[in-house]
Amino acid sequence: METSMDKEEGFDRNDFGSEEEYRLYCLRHSTAHVMAQAVQRLHPAARLAIGPPVEDGFYYDIEIPDVTLSEDDLSAIEAEMKKIVKENQPFEMEKVDRVALREQLVAAGQPYKVEMLDGFDDPISVCRNPSKKTGETWVDMCAGPHVMRTGQCKHFKLLKIAGAYWRGDSTRPQLQRLYGTVWPTREELDQYIFRLEEAKKRDHRKLGQQLDLFMFHDYSPGCAFWLPNGETVYHVLADRMRSMLLSEGYVAVRTPQLFDKKLWETSGHWDHYQENLFHFAEGHFHEGEEAEGENRILGMKPMNCPSHMLIFGSRKRSYRELPLRVHDQGVLHRNELSGALSGLTRVRQFSQDDAHIFCAEDQIADEIERLLELVERVYGAFGMGMKIHLSTRPAEKLGDDDLWDRAEGALREGLERRGIDFGIKEGDGAFYGPKIDFDIYDALGRGHQCATVQLDYQLPRRFELSYVGADNALHTPVVIHRAIVGSFERFIGVLIEHYAGNFPVWLAPEQVRVMTVSEKSLEHGRAVLDALRAAGVRVTFDDGDAKIGYKIRECHGKKVPYMAVIGAKETEDGTVAIRSRDDGDLGTMTVADFVEKVRSEGVVPF
RNA sequence: GCCGGGGUAGCUCAGUCGGUAGAGCAGCUGAUUCGUAAUCAGCAGGUCGUCGGUUCAAGUCCGAUCCUCGGCUCCA
């Protein structure tokens with residue numbers, strides 16, 4: 001694919017990871033132009049904002065006075081885009097005089113372009129798309145780069161339409177964002193659409209219902225009800241995380257839900273996070289009534305860290321206790337905006353494999369190294385890859401550069417000691433300390449943020465924590481906020497989609513379903529059920545009078561890993577005929593062999 | 001919270017121009033006792049998210065509201 005790069009200045013190809021990335025960038029950005037041109041052909045009054053490439057596609061933010069587009073309008077825009085592609089207009093870049101362009105944009109009623117122009121340094125350039133067919137030339141202020149001609153933007157599809165604030169600012173006007181995807185070839189476009197459809201089939205909300213894992217109810221928005229199957233998955237996971245951490249030298253605690261507002265003032269949440277805190281006045285009173293007298297405000301915890309600060313500060317601490325690793329699976333509440341809630345990925349109530357490590361500064365690198373080993377062990381067990389980044393000091397930060405140098409150095413040392421290949425996100429750290437970001441990749445190659453490791457120098461100071469060092473002087477501990485799977489709610493959502501609902505035996509809520517061919521085999525069926533139950537296998541019994549084919553179909557629908565078919569032959573031999581969800585008919589084996597098989601596959605692999 | 005979709009039986013969905021609410025699956029009952037992805041018949045199942053309005057008449061039109069979906073935003 002040809003691009004216009006050679007003709008342009010101010011663009012460095014090295015800004016892109018690869019030649020392919022660069023070409024896709026050009027293609028996607030160019031197709032955004034084609035879409036904007038199409039929209040302006042259909043709606044001449046359309047005001048354009050920005051139209052950047054994004055992962056797998058592009059969007060363009062557009063405002064059309066008095067017109068609200070809906071997804072039904074996308075096909076008309078696509079049709080117009082096809083014409084533009086067919087006209088094979090060239091993309092012609094030209095540097096222009098900013099004053100003249102500004103006048104033109106004002107005259108054309110393009111307030112967003114004007115606003116952008118005023119924020120740009122010279123040189124200012126426009127992109128022209130002359131059409132031989134219509135004789136018109138479409139112009140957009142743009143820095144490029146583009147492909148050579150609109151004919152290259154052939155394999156596109158518009159996907160959705162959504163509201164988006166101008167410059168992401170909710171006090172500014174809301175524009176209409178049109179999303180599309182585009183690929184160099186028809187095959188790649190088809191593959192992408194196929195991938196979207198596959199992802200839809202795996203949607204954890206759909207599978208959650210199909211597999212009876214969880215539900216939601218209008219009366220508790222953003223809070224999952226874990227049904228028996230889902231609760232099993234939750235429990236297996238949470239229990240394993242807990243036992244793993246205990247064997248890694250952590251201690252577990254359980255802490256309150258409700259705290260006096262003073263705690264949140266101390267931690268800083270009241271100033272910085274109040275809108276996400278569920279809080280209310282203490283005392284007895286009814287709806288609409290004012291609480292009598294001086295009632296203190298209670299807030300539900302959105303994080304466990306303040307509780308753990310209180311525990312650490314509850315008595316004199318010695319350096320000999322460090323590192324003190326405090327694990328807490330407490331339930332957390334965050335008052336997320338109603339419009340932000342989404343399945344298990346964005347909830348108001350959840351719990352985490354949370355822990356805070358109190359340590360001395362010279363213990364940080366060791367702790368980081370240990371943590372990284374755990375993260376790799378856990379995600380390796382799920383067959384998930386990851387990319388790791390070190391996020392360094394942001395512009396607005398607390399603490400001097402010397403402190404940050406040491407903090408970033410300690411994280412870097414931990415990463416290097418484990419031989420981890422990591423990137424740097426400059427300035428992406430929290431204001432209270434640097435952090436390590438983990439991007440976890442699932443079976444469809446989609447990234448998720450679950451694990452987190454953050455250094456915090458500020459919170460212990462706010463709580464005036466200290467320990468007595470070997471030098472008999474008081475020192476302030478450093479805190480490491482860390483979670484491996486993060487919110488169990490979100491992580492189970494990710495797992496459901498990663499496995500497409502086909503949980504491995506160790507995680508499957510129902511590991512085996514025993515099913516009889518006819519009622520003549522009921523007795524042996526019950527014996528098999530009892531044997532499996534006695535071995536601790538999660539097993540159910542389908543003793544209905546449906547045909548075996550029906551039972552198998554039903555069982556596949558629930559994605560149970562093993563079916564134990566019991567007919568006359570098995571009854572006579574005292575065996576079971578095993579059908580695997582993933583590998584089909586496995587033939588006949590003894591009950592004892594099957595129990596052993598399920599038990600060995602049921603062992604948690606981390 | 002904001003913009004735009006959506007909410008009809010347990011689930012998936014149909015319902016035309018405003019004129020007596022439908023299907024498949026699931027459920028229940030009965031028949032059937034069957035060997036690896038759907039046995040047959042019958043029955044039952046609904047205040048069309050909720051509240052209000054327009055109308056002789058509202059699932060359908062209007063308004064409000066709740067939930068949900070796609071985004072924005074937020075995630076110190």
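None of these values were measured; they are calculated from a predicted model. Proteins come first, then strands; the chains are lettered A, B, ... in the order of their sequence lines, and each starts at number 1.
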Distance between the [atom1] atoms of [N] and [M], in whole angstroms?
N: B:rU33; M: B:rC40; atom1: C1'; answer: 14 Å
N: B:rG45; M: B:rA23; atom1: C1'; answer: 14 Å
N: B:rC62; M: B:rU55; atom1: P; answer: 16 Å
N: B:rG59; M: B:rA21; atom1: C1'; answer: 8 Å
N: B:rA9; M: B:rG27; atom1: C1'; answer: 11 Å
N: B:rU36; M: B:rC69; atom1: C1'; answer: 39 Å
N: B:rG5; M: B:rA44; atom1: P; answer: 40 Å
N: B:rU12; M: B:rG6; atom1: C1'; answer: 15 Å

(request) Please name all residues satisfying ring pair (Phe, Tyr, Trp, His ring centres under 6.0 Å) with A:Phe541, sequence neighbours left out, ordered by chain then number. (result) none
(message) Check this for me: does any side-chain nitrogen of one of A:Arg167 and A:Asp169 sit under 4.0 Å from a carboxylate oxygen of the other?
(response) no
(request) Answer yes when A:Glu601 and A:Lys597 have at least one side-chain N-carboxylate O distance shorter than 4.0 Å, and no when they do not. (result) yes
(message) Once you apply a heavy-atom cut-off of 4.0 Å, does A:Ala430 come out as touching a base, just sugar-phosphate, or nothing?
(response) nothing
(message) Please classify the nucleic acid contact of A:Tyr179 as base, sugar-phosphate, or nothing, using heavy-atom distances under 4.0 Å.
(response) sugar-phosphate
(message) Taking atom types as they are modelled, would you say the side chain of A:Tyr165 forms a donor-acceptor pair with the base of B:rG71 within the 3.5 Å cutoff?
(response) no
(message) Base of B:rC74, side chain of A:Arg346 - is there a donor-acceptor contact under 3.5 Å?
(response) yes
Restricting to nitrogen or oxygen on both sides, can you table the protein-nucleotides 9-12 of chain B pairs closer than 3.5 Å?
from: B:rC11; atom 1: O3'; to: A:Gln209; atom 2: NE2; distance (Å): 2.8
from: B:rU12; atom 1: OP1; to: A:Gln209; atom 2: NE2; distance (Å): 3.2

Mind listing the N/O atom pairs, protein and nucleotides 3-6 of chain B, below 3.5 Å?
from: B:rC3; atom 1: O4'; to: A:Gln174; atom 2: OE1; distance (Å): 2.3
from: B:rC3; atom 1: O2; to: A:Gly163; atom 2: N; distance (Å): 3.2

What protein N or O atoms touch nucleotides 61-69 of chain B N or O atoms at under 3.5 angstrom, if any, and at what distances?
from: B:rC67; atom 1: O2'; to: A:Asp218; atom 2: OD1; distance (Å): 2.6
from: B:rC69; atom 1: OP1; to: A:Arg205; atom 2: NH1; distance (Å): 3.4
from: B:rC69; atom 1: OP1; to: A:Gly343; atom 2: N; distance (Å): 3.3
from: B:rC69; atom 1: OP2; to: A:Leu341; atom 2: O; distance (Å): 3.3
from: B:rC69; atom 1: O3'; to: A:Arg205; atom 2: NH1; distance (Å): 3.2

(request) Would you give a per-nucleotide map of nucleotides 32-37 of chain B, 5' to 3', where B means the base has a protein non-hydrogen atom under 4.0 Å away, S means only the sugar-phosphate does, and - means neither? (result) BBBBBB
Over 60° means perpendicular and under 30° means parallel, so tell me whether [X] and [Y] are parallel, tilted or perpendicular.
X: A:Tyr432; Y: A:His481; answer: tilted
X: A:Trp183; Y: A:Tyr192; answer: tilted
X: A:His308; Y: A:His356; answer: perpendicular

(request) Only one of A:His204, A:Lys201, A:Arg202 passes side-chain hydrogen bond (donor to acceptor under 3.5 Å, both in side chains) with A:Glu497; say which it is. (result) A:His204
Rounding to an integer number of Å, can you tell me how far [X] [atom1] sits from [N] [atom2]?
X: A:Leu337; N: B:rG71; atom1: CG; atom2: C1'; result: 13 Å
X: A:Asn335; N: B:rU73; atom1: CG; atom2: C1'; result: 14 Å
X: A:Lys558; N: B:rA38; atom1: NZ; atom2: C1'; result: 15 Å
X: A:Met515; N: B:rA38; atom1: CE; atom2: C1'; result: 14 Å
X: A:Leu332; N: B:rC75; atom1: CG; atom2: C1'; result: 13 Å
X: A:Asp271; N: B:rC74; atom1: CG; atom2: C1'; result: 17 Å
X: A:Arg334; N: B:rG1; atom1: CZ; atom2: P; result: 19 Å
X: A:Gln352; N: B:rC75; atom1: CD; atom2: P; result: 16 Å

(request) Whenever both distances are under 3.5 Å in a Watson-Crick or G-U wobble pair, mark it; put RNA chain B into dot-bracket that way, with [ ] for crossing pairs and | when the partner is on another strand. (result) (((((((..((((.....[..)))).(((((.......))))).....(((((..]....))))))))))))....
(message) Looking at A:Val479, is its backbone amide N or carbonyl O close enough to the side chain of A:Asp456 to form a donor-acceptor pair, meaning the two atoms are under 3.5 Å apart?
(response) no
(message) For A:Gln511, give me all partners under side-chain hydrogen bond (donor to acceptor under 3.5 Å, both in side chains), at least two apart in sequence or on another chain.
(response) none
(message) Before we go on, tell me: are the rings of A:Phe463 and A:Phe312 under 6.0 Å apart, centre to centre?
(response) no
Which atom pair, heavy atoms only, marks the closest approach of [X] to [Y]?
X: A:Leu178; Y: A:Leu74; value: CD2-CD2, 4.4 Å
X: A:Phe594; Y: A:Val576; value: CB-CG2, 3.9 Å
X: A:His269; Y: A:Ser267; value: ND1-OG, 2.6 Å

Which salt bridge (charged side-chain N to carboxylate O under 4.0 Å, His left out) pairs, counting each pair once, include a residue from [range], with sequence neighbours left out?
range: residues 299-310 of chain A; value: none
range: residues 332-352 of chain A; value: A:Glu336-A:Arg346
range: residues 480-495 of chain A; value: none
range: residues 575-591 of chain A; value: none

Show the atom names and distances, to 0.1 Å, of all donor-acceptor pairs under 3.5 Å that link a side chain in residues 225-232 of chain A to residues at least two apart or in another chain.
from: A:Asn229; atom 1: ND2; to: A:Leu211; atom 2: O; distance (Å): 3.0
from: A:Thr232; atom 1: OG1; to: A:Pro228; atom 2: O; distance (Å): 2.9

